[in-house]
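No hydrogens, no waters, no symmetry mates; every other heavy atom, side chains included, goes into these values.
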Amino acid sequence: MPLHTQDIGDSRGQGHELKIAGFDDGNIILYSRNPDNGETQRIVLMEDQWQLLLKSLLDIYGKEKCCYYHGAGRCMATSHAD
């Protein structure tokens with residue numbers, strides 16, 4: 001049973017819905033659904049894998065794209081995208 005489930009939504013009405021479920025062991029499951037063709041997928045990420053994914057995204061796109069980045073070289077405790 002997940003500790004936390006969040007509907008990430010349908011980005012810009014593109015027709016691809018995402019949900020994320022977090023578990024007490026640190027693992028997450030990312031569920032995707034394309035309502036246009038009914039295709040669904042489930043990706044399980046262990047804690048070390050999603051941490052590496054976050055690091056990779058920051059390495060690729062830069063900390064300026066991070067919703068927690070303050071701009072003064074520090075991360076905020078809450079997201080400015082909320």
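Listed by first and then second residue, the salt bridge (charged side-chain N to carboxylate O under 4.0 Å, His left out) pairs that reach into residues 40-51 come to none, sequence neighbours excluded.
Applying the 4.5 Å side-chain rule to ILVMFWY residues, one finds that Tyr69 remains a lone member of its cluster. As a member of the Ile/Leu/Val/Met/Phe/Trp/Tyr network built from side-chain separations under 4.5 Å, Phe23 groups with Ile29, Tyr31, Val44.
The side chain to side chain contact (heavy atoms under 4.5 Å, CB included) test applied to Ser32 returns His16, Leu18, Gln41, not counting sequence neighbours. Taking Asp24 as the reference, nothing meets the side-chain hydrogen bond (donor to acceptor under 3.5 Å, both in side chains) condition, with sequence neighbours excluded.
In the hydrophobic cluster analysis, where Ile, Leu, Val, Met, Phe, Trp and Tyr join through side-chain heavy atoms closer than 4.5 angstrom, Ile43 is grouped apart from Met46.
Nearest heavy-atom pair across Glu17 and Pro35 is OE2-CG, 3.8 Å.
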Got a list of side-chain donor-acceptor pairs under 3.5 Å for residues 56-64, not counting sequence neighbours?
unit_1 : atom_1 : unit_2 : atom_2 : d
Ser56  : OG     : Leu52  : O      : 2.9
Asp59  : OD2    : Lys55  : NZ     : 2.7

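Atoms CG and CD1, on Asp25 and Ile28 in that order, are 11.0 Å from each other to the nearest 0.5 Å.
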